[in-house]
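Atom set for the values below is all heavy atoms of this structure, side chains included, hydrogens, waters and symmetry mates excluded. Residue numbers begin at 1 in each chain, while the letters A, B, ... track the order of the sequences.
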Amino acid sequence: MSKSSIVAYLALGLVLCQAALWAQEAPKAFVGARIIPIEGPEIENGILLIENGKITAVGSSAAMTLPADTEQIDVSGRVIMPGLIDSHSHIGELEGGDRSAPIQPDIRVWETVNARDSRIQKAQAGGITVANVMPGSGHLLSGQTVYLKLRDGNTVEDLIIPWEDGSPRGGMKMANGTNSRRNPPFPGTRAKSAALVREEYLKAQEYRAKIEAAEDDEEKMPARDLRMEGLLEVLEGKRIVHHHTHRHDDILTVLRLAEEFGFKVVLQHVSDAWAVAEEIAASDQVVGNSIIMIESPGGKIEAKDITLENAAILEEAGALVGFHTDDGITDSRLFLRSAGWAVRAGMSREKALYGLTMANAIMLDLQDRVGTLEPGKDADFIILDGDPLSVYSKVRQTWVDGVKVFDRDDPQDRLYAVGGYGASNDQANEVHQLSQEADY
Amino acid sequence: MRYRNFILLSLLLAAALLPLQAQVAVKAETLHTAAGDAISDGVVLIEEGKISAVGPASQVQIPSGVTVLEAKVATPGLVDAHSVVGLAGYLNQNHDQDHLEESSPIQPELRALDAYNARETLVEWVRRHGVTTLHTGHGPGQLVSGQTMIVKTYGETVDDALMVPSAMLAATLGDGAKASGGRSPGSRSKMMALLRSEFIKAQDYLDKMENAEEGKEPARDLHKETLAKVLSGEMPLLVTAHRSRDILAAIRLAEEFGFNLVLDGAAEAHLITEKIMAADVPVILHAPGMRHFGEAENATFEAGPRLRDAGITFCYQTGYEGYVPKTRVLLFEAGWAASNGLLWDEALAAVTIDAARILGVDDRVGSLEVGKDGDVVLYDGDPFEYTTHVTGVIIDGQVVSQEKH
């Protein structure tokens with residue numbers, strides 16, 4: 001047996017050992033909390049039952065019979081709700097398009113994520129369990145975004161949500177308005193911005209036509225083109241477009257382009273949503289609105305009319321509304337207040353909480369896995385010491401895939417939660433799996 | 001005839017204005033005065049712009065004809081201890097950004113009142129969220145960026161709004177004050193050398209002014225004159241510094257020249273509380289929910305309670321924001337402090353009476369006490385909760401907002 005195959009067998013053994021531990025893990029029941037499942041009514045004295053990283057049952061304490069080997073965790077007095085989903089974030093020190101060209105669909109940001117960025121721990125402390133991590137808005141199209149599960153990971157591979165073929169799930173970041181306007185080859189006007197985008201999608205349609213015409217004949221297939229491949233995934237609906245847009249006419253331009261090329265789009269920021277809420281709600285191309293809750297207007301011309309009332313106005317129009325942090329524009333640890341402020345400005349409590357969870361799951365096409373507390377979904381949830389819409393409430397614990405990734409009673413986690421010396425250092429994550437259990 | 005018309009018009013105008021100056025009473029289920037315990041079913045009576053009575057409804061007689069506003073909760077008008085609102089506008093374009101002159105690193109002669117836009121959208125914005133007194137002016141970003149002033153958040157001109165025309169002289173230490181491209185100051189030590197040299201010159205100017213014979217004083221020098229006001233104790237130096245070494249440098253400078261120092265921002269103050277306490281320097285702390293980046297990377301949401309435990313005099317500010325959001329809302333910041341280790345009353349004090357004391361205007365604002373300005377904010381619930389609204393704002397006895405925000 002060669003040295004390398006011994007190493008391989010040892011590695012395989014370790015993996016099998018892990019799998020065995022996982023499989024034998026006893027079910028956990030969180031007993032006595034007020035449960036906000038998002039789907040269905042709140043449960044006053046409830047039980048959340050999880051096993052092997054999945055939710056197996058949610059219900060009233062009185063009505064549930066637990067499996068014999070269940071580990072019971074008393075959480076009476078606490079509130080449990082699904083892990084928060086952030087549909088627009090910049091945690092992880094990622095890098096996207098490099099300003100060499102306005103449209104860069106070949107850019108994959110997931111490869112640039114620093115899994116040890118302390119802002120990932122801070123987001124966990126804020127109760128966030130899934131984040132759409134995106135390149136910035138200085139391009140018409142700045143690259144492929146990545147949906148991260150905020151596990152305690154050592155590398156980005158530990159955080160991604162893979163498709164069947166192992167590639168990470170994500171969307172495509174686009175922008176219009178002023179952010180992506182600069183000197184050539186970038187557009188100088190809004191009309192030029194739209195023209196450049198249309199040109200590129202037309203090319204992608206041609207590329208698709210060539211592939212279809214080849215009918216799986218390798219000889220006839222067009223040469224691989226990474227840029228076209230990226231756009232093809234948008235046209236196929238595999239990647240939802242996350243479109244930075246503020247001004248009302250820019251929003252309508254997005255609707256027009258999405259209609260023309262048939263792509264699905266999440267409107268990001270949408271400062272002027274209040275002005276075109278009916279048009280947004282009527283569009284079949286819009287998956288939803290990912291809005292930012294900002295306490296004052298301006299800071300940039302396009303956001304001069306932004307209002308906390310956007311959420312309520314979109315709700316009234318029948319549009320799907322979720323919130324985002326745009327971290328570092330707002331701090332992930334203050335994400336809950338987005339919903340609080342939305343209620344302040346007229347939104348319903350139900351839709352505000354939905355906007356932190358399930359609405360965003362839908363906008364990331366992850367609604368079958370996360371966003372609510374329902375049997376079969378991932379065991380992503382947070383434990384609060386009060387109502388999620390109260391300023392006084394704290395996230396006590398954050399769980400991802402049935403693993404506790406944040407505990408406010410842990411001193412290191414507390415440092416991430418409140419800040420202090422060293423809280424922003426690039427930290428080695430607390431990897432609860434291999435590194436701690438391997439016997440060297 | 002024309003004269004008579006003028007008189008008539010004036011009388012009519014006076015009559016029209018009269019209700020504004022008339023008496024106003026606020027009845028609140030819970031009245032927080034920032035001067036003692038909360039009062040259940042409390043009343044504040046305001047006459048001629050000043051508070052004439054405060055107490056439980058059973059003890060305060062509201063005269064007939066008085067406009068009465070009711071609220072679940074009322075507090076004193078909020079005092080934002082440091083901001084750039086009014087000099088920095090919400091559009092964030094060159095034409096509405098006047099908080100920072102970058103032509104030279106030390107410009108103490110710049111007065112805030114010459115740049116304040118009383119009609120700026122952000123002034124109305126902070127007012128509708130309860131701020132009635134605003135310490136604003138030249139911002140952080142230059143070694144000595146200029147003067148600050150204190151205004152009320154109403155009025156159509158700076159003169160209407162003005163409380164204190166020259167409040168403090170704003171300075172910055174640390175990376176935020178560094179010049180680029182080989183210009184000075186390019187380092188922290190250069191900053192200190194420049195400041196020391198300036199104060200030595202100003203001391204010399206002050207000595208010459210004081211000792212000169214009548215008519216033989218040196219020519220007026222606006223630059224040195226302002227620095228001399230700092231040296232003579234007329235105006236404190238407001239030093240924005242986040243890193244602990246910069247805070248310590250500011251304390252060292254103040255001790256060398258014997259001026260009054262007010263620390264500003266001070267993200268790392270919690271690491272050196274004993275030094276600050278020993279120097280007996282007040283701190284206008286950064287916004288409690290400030291983002292923890294750059295020089296503020298070691299900031300904590302719990303800075304307030306840590307300074308409190310050390311016995312340091314402090315209050316909060318909304319500070320300077322360079323992008324989105326263009327300004328923070330003091331009420332929301334106080335709420336974040338109340339949820340991160342400060343007692344409720346302490347959090348309120350940190351945005352009312354404690355701020356007024358550090359600014360030196362506690363004889364007029366910061367608490368609901370007889371004789372003080374009639375500045376009151378009304379709410380429909382716990383002011384700090386996300387879901388509560390401000391339902392009214394009164395400044396100098398004038399109801400300036402009755403909208404729900």
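For OH of B:Y154, the number of neighbouring non-hydrogen atoms (other residues, nucleotides, ligands) closer than 6.0 Å is greater than 12. Other residues, nucleotides and ligands place no more than 12 heavy atoms under 6.0 Å from the CZ atom of B:R119. Under a cut-off of 6.0 angstrom, the local environment of CD in A:E316 is sparse, with at most 12 non-hydrogen atoms contributed by other residues, nucleotides or ligands. Residue A:E95 places its CD atom among 12 or fewer non-hydrogen atoms of other residues, nucleotides or ligands, all under 6.0 Å distant. Remark: A:K351 NZ is loosely packed, at most 12 non-hydrogen atoms of other residues, nucleotides or ligands lying under 6.0 Å away.
No side-chain heavy atom of A:V343 sits less than 4.5 Å from a side-chain heavy atom of B:Y386. At least one side-chain heavy atom of B:F293 sits less than 4.5 Å from a side-chain heavy atom of A:R119. Between A:P297 and B:W125 the shortest side-chain heavy-atom distance falls below 4.5 Å. Within the 4.5 Å cutoff, the side chain of A:K300 has no heavy atoms near those of the B:K326 side chain. Contact check for A:L334 versus B:W336: side-chain heavy atoms found under the 4.5 Å cut-off. Two residues are said to be in side-chain contact when any heavy atoms from C-beta on lie closer than 4.5 Å; B:S339 and A:K394 meet this criterion. Side-chain contact check for B:E385 versus A:S390: some heavy-atom pair is nearer than 4.5 Å.
Comparing B:T121, B:L91, B:D382, B:T300 by heavy-atom pairs within less than 4.5 Å of chain A, the highest count is held by B:T300. Note on B:H129, B:E297, B:E302: by heavy-atom pairs under 4.5 Å with chain A, the leading option is B:E302. When each of B:A267, B:A88, B:G289, B:A299 is checked for heavy-atom pairs under 4.5 Å with chain A, B:A299 comes out on top. Residue with the most contacts toward chain A among B:V324, B:N92, B:T388: B:V324 (heavy-atom pairs, distance under 4.5 Å). By number of non-hydrogen pairs under 4.5 angstrom with chain B, the leading residue of A:I329, A:L389, A:D331 is A:I329. Between chain A and the residues B:V126, B:L122, B:T327, the most heavy-atom pairs under 4.5 angstrom are made by B:T327.
Looking at B:H270, the atoms closer than 4.5 Å to chain A (heavy atoms on both sides) all sit in the side chain, from C-beta outward. For a residue to count as touching a neighbouring chain, one of its non-hydrogen atoms must lie under 4.5 Å from one of that chain's; by this rule A:I301 touches chain B with backbone and side chain alike. With a 4.5 angstrom heavy-atom cutoff, A:A417 touches chain B only via backbone atoms. Heavy atoms of A:R333 lying under 4.5 Å from chain B belong to its backbone as well as its side chain. In this structure, chain A has a heavy atom under 4.5 Å from the side chain of B:E333, while its backbone stays farther away.
Atoms CG and CZ, from A:D327 and B:R291 in turn, are 9.5 Å apart once rounded to the nearest 0.5 Å. Remark: B:L330 CG to A:E295 CD distance equals 11.5 Å, nearest 0.5 Å. The distance from the CZ atom of A:R344 to the CG atom of B:D380 is 8.5 Å, given to the nearest 0.5 Å. Atom-to-atom distance recorded for A:L415:CG and B:N298:CG is 9.0 Å, nearest 0.5 angstrom.
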